[in-house]
Structure formats: C-alpha cells, structure tokens
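This report refers to the structure that appears directly beneath it.
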Amino acid sequence: MPTYSKTITVKEDIKTCFDFVADFRNLNKWNPHDEAELLTKEPLREGSIFKVNTEFNNRKMLLKYEVIEWGEPLRASLKTETKGFDIIDTLFFSATSKGTEITYSVNIKYKGLYMILGLFLGGVFNKLMENIYNLEEILGKP
C-alpha cells in the first residue's frame, strides 16, 4: 500500500485552513483538474459525501469521496473506492508560530491488475501531490 504525502506551512490560522482544505468543494481553487460538489446535507461531518470530477493520468474520472474521519480542526480523512483501487486522503493540520502546517497524505490500496500497474504510477501520484503548493498562494506564505 503506497503512501504519498507533502507538507507545507501557510500563514492562515488552523481553523481557516481546516475549513478551506477539508471542504472538497474548494478543490478546484487549488487543484486545477478537480471539481467537487457536496451530495449530502451540511454540516460537513463523518458520512458526508462529495462527488469529484477529476483527471488522473490524462483520463477523466468521477469519484465519490466519503468523509470517514472528521477531527476538526486537526484531521480529516476521505475515502474513495473504484474497481481498481481504494484511496484514503488524510489531511493533518498543526498550529505553528508561523501559521499552520498542512500535511496531505494519500494512501492507495490497489486491486486486481492494478496491483501490477500501480508499480508504475508512483510518478503520477508524486506529481499530483505537488498541487498542495497552490495552497500557499491562497492561504499565504508565512
């Protein structure tokens, strides 16, 4: 099960960061290939579901992400499942003297033939993780 993660520090406070990043409706503001909408009623919590239109390896995909952990303002985890893989995105937030440290971690469990294909997708996932740096422009560099 490969895990990919990146950490950045931004100047906004921890609550502002959590509210913005953990709400996948904001994905398109910092991840240019994603559009998301909330399918369940507010407030956001465990069990909330987002529909995400994304592009992966030049292929358009429709994913449903379910919030499986909602530990505001420190941590949120969302899970999606397809026939080829299960993915858990976990967001960690920590207040610092400079603002907030944000770690975005993606854990992937490949299924079937994707267990072999997954060996070649590490570069694609590492490139996707670079999108977290777009949050520095939105939430401010410290």
Side-chain angles (χ1 to χ4, degrees), residues 1-111 114-142:
M1 257 193 255
T3 299
Y4 303 91
S5 68
K6 295 276 185 210
T7 300
I8 61 169
T9 301
V10 296
K11 76 175 184 181
E12 283 291 343
D13 65 274
I14 192 169
K15 179 163 176 22
T16 299
C17 291
F18 182 92
D19 290 347
F20 183 79
V21 182
D23 185 344
F24 269 27
R25 289 174 290 185
N26 294 317
L27 275 175
N28 67 324
K29 295 175 183 163
W30 59 277
N31 195 344
H33 298 291
D34 291 353
E35 283 282 333
E37 73 177 277
L38 180 64
L39 296 180
T40 52
K41 292 183 180 182
E42 292 199 57
L44 296 178
R45 61 189 177 281
E46 280 187 40
S48 293
I49 297 174
F50 293 92
K51 178 175 79 172
V52 178
N53 287 301
T54 189
E55 187 176 307
F56 177 77
N57 205 22
N58 296 318
R59 186 174 149 225
K60 293 185 186 269
M61 299 178 75
L62 176 63
L63 303 172
K64 285 189 180 175
Y65 273 89
E66 179 180 355
V67 176
I68 59 172
E69 180 180 15
W70 195 255
E72 185 178 350
L74 301 175
R75 180 179 168 128
S77 294
L78 297 94
K79 181 177 183 178
T80 188
E81 298 179 14
T82 72
K83 66 180 180 180
F85 50 80
D86 295 343
I87 295 179
I88 296 177
D89 291 20
T90 303
L91 305 154
F92 302 92
F93 301 87
S94 178
T96 71
S97 61
K98 295 180 180 180
T100 303
E101 184 178 272
I102 303 170
T103 299
Y104 200 114
S105 178
V106 176
N107 184 280
I108 304 159
K109 179 182 176 190
Y110 294 107
K111 303 176 189 175
Y114 284 89
M115 292 174 78
I116 296 168
L117 294 172
L119 297 172
F120 304 99
L121 294 175
V124 175
F125 278 104
N126 279 323
K127 186 175 182 189
L128 285 173
M129 294 303 295
E130 298 292 317
N131 287 321
I132 192 173
Y133 295 113
N134 294 333
L135 288 170
E136 292 175 333
E137 299 301 318
I138 297 165
L139 301 171
K141 293 181 184 180

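No experiment lies behind these values; they were computed from the predicted model shown.
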**Asked** Are the side chains of V10 and C17 in touch, meaning some heavy atoms are under 4.5 Å apart?
**Response** yes

Student check: side-chain heavy atoms of F92 and L74 closer than 4.5 Å: no

**Prompt:** Is there side-chain contact between I108 and D86, with heavy atoms separated by less than 4.5 Å?
**Reply:** no

Requested in this report: Carefully, step by step, assess E72 and K15 under the rule salt bridge (charged side-chain N to carboxylate O under 4.0 Å, His left out).
Outcome: CA-CA 8 Å; E72 185 178 350; K15 179 163 176 22; 3.6 Å; yes

Nearest heavy-atom contact between F18 and W70 is CE2-CZ2, 3.4 Å

Checking L27, N28, L62 against N53 for side-chain contact (heavy atoms from CB on, under 4.5 Å), the one that qualifies is L62

Quick note, salt bridge (charged side-chain N to carboxylate O under 4.0 Å, His left out) partners involving residues 52-70, not counting sequence neighbours, are E69-R75

Worksheet entry | Any donor-acceptor N/O pair, N26 side chain to K29 backbone, under 3.5 Å | no

Heavy-atom side-chain contact between F24 and V52 under 4.5 Å: yes

The reported gap from CG in D19 to CG in L44 (rounded to nearest 0.5 angstrom) is 9.0 Å

Item to complete: Would you indicate whether K109, at its atom NZ, is surrounded by more than 12 heavy atoms from other residues, nucleotides or ligands within a distance under 6.0 Å?
Response: no

Check: Does atom NZ of K11 have more than 12 heavy-atom neighbours, drawn from other residues, nucleotides or ligands, at distances under 6.0 Å?
Finding: no

Practice problem: Give a yes-or-no answer on whether the side chains of D13 and T16 include a donor-acceptor pair shorter than 3.5 Å. | Solution: yes

With a 3.5 Å cut-off and sequence neighbours excluded, list the donor-acceptor pairs that the side chains of residues 132-142 form with protein atoms.
| unit_1 | atom_1 | unit_2 | atom_2 | d |
| --- | --- | --- | --- | --- |
| N134 | ND2 | W30 | O | 2.7 |
| N134 | ND2 | N131 | O | 3.4 |

Q) Is there side-chain contact between T7 and E101, with at least one heavy-atom pair below 4.5 Å? A) yes

